[in-house]
J.: 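Let me begin by handing over the structure; questions about it come next.
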Amino acid sequence: MKYWLMKTEPATYSWDDLNNEPNKTDHWDGVRNYQARNFMRDMKEGDGILFYHSVVKPPCIVGIARVAKEAYPDHTQFDSGAKYFDPKSPKDNPRWDMVDIQAVETLPEPVTLPQLRETAGLDEMVLLRKGSRLSIQPVTEKEWKIIRKLAGLK
DNA sequence: GCCAACGTTGGC
DNA sequence: GCCAACGTTGGC
């Protein structure tokens, strides 16, 4: 079992969009970065996800989700009207994938970026590295446990 | 709104 | 294959 962090701008897609009904599953489309895509291809059903809101004040982790379905082709790459249309993606070998995720629980207390920065043991976290813009990042088990605790979970 | 850090594109 | 130009991300 692995752990991940997934970023989203809540104005586009928020925790409430995923968590507006019990056990809702939704697809995570629009990833157009190869490194992030490769991490998605590495995801297995049941992996843990930290759901992160970017471009809000303060940026924060707001919920826990799980991988509900492993990577499969993102259909929006072939939709010429879609924002994430990719005319160069070969139909017989789609360039971009998406996964399905499912809300597990809302954090009792969101964990903010400044909080993460000042927490011991998170020094190596990808999110905290200078210039890290990856929208999907691996999280270690140690980091996962520290963050759950920060959020008031066991 | 600014801008540093990145990723991608395309001419050569 | 290099690299300048450009576009995007995302914290501040």
Side-chain angles (χ1 to χ4, degrees), chain A residues 2-20 26-43 47-67 70-101 103-140 142-153:
Chain A
K2 292 183 179 173
Y3 303 95
W4 310 93
L5 179 144
M6 298 174 87
K7 279 188 202 171
T8 178
E9 296 186 27
T12 305
Y13 186 84
S14 74
W15 176 248
D16 284 341
D17 291 322
L18 177 65
N19 195 41
N20 58 11
D26 211 347
H27 58 272
W28 192 274
D29 64 6
V31 172
R32 295 295 181 269
N33 170 285
Y34 287 105
Q35 212 180 340
R37 182 205 65 184
N38 292 342
F39 284 135
M40 277 203 299
R41 289 184 173 175
D42 211 21
M43 289 179 178
D47 281 2
I49 297 165
L50 301 172
F51 196 105
Y52 179 85
H53 280 172
S54 65
V55 198
V56 287
K57 297 172 186 176
C60 54
I61 299 167
V62 290
I64 303 282
R66 63 187 286 277
V67 176
E70 295 176 14
Y72 62 103
D74 177 346
H75 58 85
T76 64
Q77 69 195 298
F78 299 124
D79 177 357
S80 61
K83 181 181 178 190
Y84 294 109
F85 176 53
D86 182 355
K88 291 180 183 169
S89 181
K91 281 246 173 22
D92 56 356
N93 183 23
R95 191 179 278 186
W96 305 114
D97 282 359
M98 58 188 182
V99 294
D100 287 353
I101 69 171
V104 175
E105 55 192 331
T106 304
L107 298 191
E109 288 294 331
V111 178
T112 69
L113 185 59
Q115 234 180 313
L116 293 169
R117 289 195 191 286
E118 66 190 23
T119 300
L122 299 180
D123 319 58
E124 301 293 314
M125 203 177 166
V126 177
L127 183 73
L128 304 184
R129 285 184 202 156
K130 192 178 176 185
S132 169
R133 300 184 312 166
L134 261 183
S135 63
I136 298 179
Q137 311 175 353
V139 171
T140 67
K142 177 185 162 197
E143 291 161 354
W144 175 264
K145 286 180 175 167
I146 291 174
I147 290 165
R148 283 187 63 93
K149 208 169 179 182
L150 275 180
L153 299 170

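Only a predicted model underlies this, so the values are computations on that prediction, with no experimental measurement involved.
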J.: Show every salt bridge (charged side-chain N to carboxylate O under 4.0 Å, His left out) that has at least one partner inside residues 74-95 of chain A, sequence neighbours left out.
T.: A:Arg32-A:Asp74, A:Asp86-A:Arg95

J.: Could you pull out all residues at least two apart from A:Glu9 that satisfy salt bridge (Lys or Arg N to Asp or Glu O under 4.0 Å)?
T.: none

J.: Quick check on contacts: within residues 113-132 of chain A, what sits under 4.0 Å from DNA chain B by heavy-atom distance?
T.: A:Lys130, A:Gly131

J.: With sequence neighbours excluded, tell me which residues meet salt bridge (Lys or Arg N to Asp or Glu O under 4.0 Å) with A:Asp29.
T.: none

J.: With sequence neighbours left out, what residues match A:Lys145 under salt bridge (Lys or Arg N to Asp or Glu O under 4.0 Å)?
T.: A:Glu141

J.: Kindly give the heavy-atom pair with the smallest separation between A:Thr12 and A:Asp17, and that separation in Å.
T.: O-OD2, 4.3 Å

J.: Could I get the full list of salt bridge (Lys or Arg N to Asp or Glu O under 4.0 Å) partners for A:Lys2, not counting sequence neighbours?
T.: A:Asp42

J.: Which residue pairs satisfy the salt bridge (charged side-chain N to carboxylate O under 4.0 Å, His left out) criterion with at least one member in residues 110-136 of chain A, sequence neighbours excluded?
T.: none

J.: Scan for side chain to side chain donor-acceptor pair (under 3.5 Å) pairs involving residues 47-57 of chain A, sequence neighbours excluded, and state none if there are none.
T.: A:Trp4-A:Asp47

J.: I'd like a table of atom pairs between the protein and nucleotides 7-9 of chain C - only N or O on both sides, under 3.5 Å - with the distance next to each one.
T.:
unit_1	atom_1	unit_2	atom_2	d
C:dT8	O2	A:Arg133	NH1	2.5

J.: Assuming nearest nucleotide by heavy-atom distance, tell me which of A:Arg95 and A:Lys57 is located more 5' along DNA chain B.
T.: A:Lys57

